[in-house]
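Below is one structure, written out as structure tokens; the observations come after it.
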Amino acid sequence: MKFSVITLFPEIIEAGFSKGIVGQAQGSQLIQVECINPRSFTQDVHKTVDDRPFGGGDGMIMLAEPLAKSIESIQGPAHVIYLSPQGAPLTDRKAKELSQKTHLILICGRYGGIDQRLINSQVDEEISIGDYVLSGGELAASVLMDAVSRKIPGVLGNLTSSELDSFSGQRLEEPSFTRPREYLGQSVPEILLSGNHAKIQEWRKNLKDLVTLKKRPDLFGEKGPDLHHLKKFWSDLSESEKKSLGLQKFPQENA
Ligand SMILES: C[S@@+](CC[C@H](N)C(=O)[O-])C[C@H]1O[C@@H](n2cnc3c(N)ncnc32)[C@H](O)[C@@H]1O
């Protein structure tokens with residue numbers, strides 16, 4: 001996967017991509033990140049990339065031409081995304097879909113945004129990372145690249161890790177525990193120490209349902225979990241387990 005990021009501030013992108021799992025993925029050539037600065041495609045001495053909006057209004061607007069020339073400078077066919085608060089929401093499903101492409105061009109806006117005609121002529125889709133307005137598209141592009149990279153086989157070292165993460169299969173991930181076994185009077189649930197992998201898997205599956213029911217019931221869509229079965233599973237947990245899991249009440253009764 002190649003990410004070509006069109007940005008006035010490449011250092012923001014580079015800072016986010018030098019470390020961690022995505023940094024390693026770059027090192028092992030699973031992903032490639034390049035930045036293209038629209039200022040390199042300006043004609044005047046001031047390297048102007050923005051101008052006042054026609055019709056008045058606050059803020060400057062990024063000129064179409066330096067952005068178009070930036071896109072033209074990039075080799076090969078690619079899917080062009082403009083990071084925008086007006087775009088479709090970035091979801092786990094969208095990240096997975098984008099991970100199947102081989103080359104993404106990510107346009108980061110600044111100031112009041114970019115000339116609409118550039119969007120009309122060059123952009124395949126607009127993507128937003130949430131219903132709020134950032135000062136620039138760089139953080140949004142970094143979020144998108146991170147989420148997409150995690151879906152690329154080999155980036156996590158183990159493909160199943162991303163499949164077990166929250167949002168896969170319309171569920172959140174179950175609570176996790178590490179050492180010590182006892183912390184602030186809360187013990188690690190016994191089953192996790194049992195070594196019985198089949199039982200642990202089944203237990204985790206039920207917990208995913210319970211946690212999703214508690215925190216994000218909207219994720220289930222039309223076909224929710226079997227509530228009767230789930231209530232029985234929850235009732236069978238010991239008081240100590242319920243406390244450690246943060247599930248003292250059956251989720252629907254929390255509402
Ligand atoms: C200050 S914003 C411009 C907002 C624009 N005036 C509007 O109201 O739709 C500057 C740039 O930040 C980026 N941006 C801001 N919020 C974003 C979000 N929620 N998701 C993705 N990109 C965002 C876009 O690239 C945008 O061009």
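Counting starts at 1 for both ligands and their atoms, following the listed order. In what follows, residues are counted from 1 in the order of the sequence shown. Given the structure is predicted, the values throughout are model-derived calculations rather than measurements.
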Margin query: So F177 and L245, do their side chains get closer than 4.5 Å, heavy atoms only?
Written below: yes
Note to self: Could you tell me if the side chain of L144 sits less than 4.5 Å from the side chain of L104, heavy atoms only?
What the structure shows: yes
Next item on the list: Verify the contact flag for atom 9 (O) of ligand 1, where contact means a protein heavy atom under 4.0 Å away.
Entry: yes
Check: When rounded to the nearest 0.5 angstrom, what is the spacing between CZ in F41 and CG in L63?
Finding: 14.5 Å
How does [X] reach ligand 1, by side chain, by backbone, by both or by neither, if only non-hydrogen atoms under 4.0 Å count?
X	result
M62	neither
Y82	side chain
I107	neither
S84	backbone

Next item on the list: Identify whether the distance between the nearest side-chain nitrogen and carboxylate oxygen of E97 and K151 falls below 4.0 Å.
Entry: no
Note to self: Looking at K243 and E239, is any side-chain nitrogen of the basic one under 4.0 Å from a carboxylate oxygen of the acidic one?
What the structure shows: no
Identity and separation of the nearest protein heavy atom to [atom]:
atom	result
atom 7 (C) of ligand 1	Q86 NE2, 3.9 Å
atom 20 (N) of ligand 1	I129 N, 3.1 Å
atom 16 (N) of ligand 1	L134 N, 2.9 Å
atom 23 (C) of ligand 1	P85 CD, 3.6 Å

Distance-only N or O hit between ligand 1 and [X], under 3.5 Å:
X	value
S135	no
L83	yes
G112	yes
G109	yes

Next item on the list: Tell me, please, which residues at least two apart from N37 pass side-chain hydrogen bond (donor to acceptor under 3.5 Å, both in side chains).
Entry: none
Notebook entry, point to check: Between S142 and I13, is there a donor-acceptor pair closer than 3.5 Å when you use the side chain of the first and the backbone of the second?
Noted result: no
Next item on the list: Keeping the roles fixed (side chain from K215, backbone from L172), state whether a donor-acceptor pair exists under 3.5 Å.
Entry: no
Notebook entry, point to check: Should L139 be listed as contacting ligand 1, given a heavy-atom distance under 4.0 Å as the test?
Noted result: no
Check: Is it true that I114 lies under 4.0 Å from ligand 1, counting heavy atoms only?
Finding: no
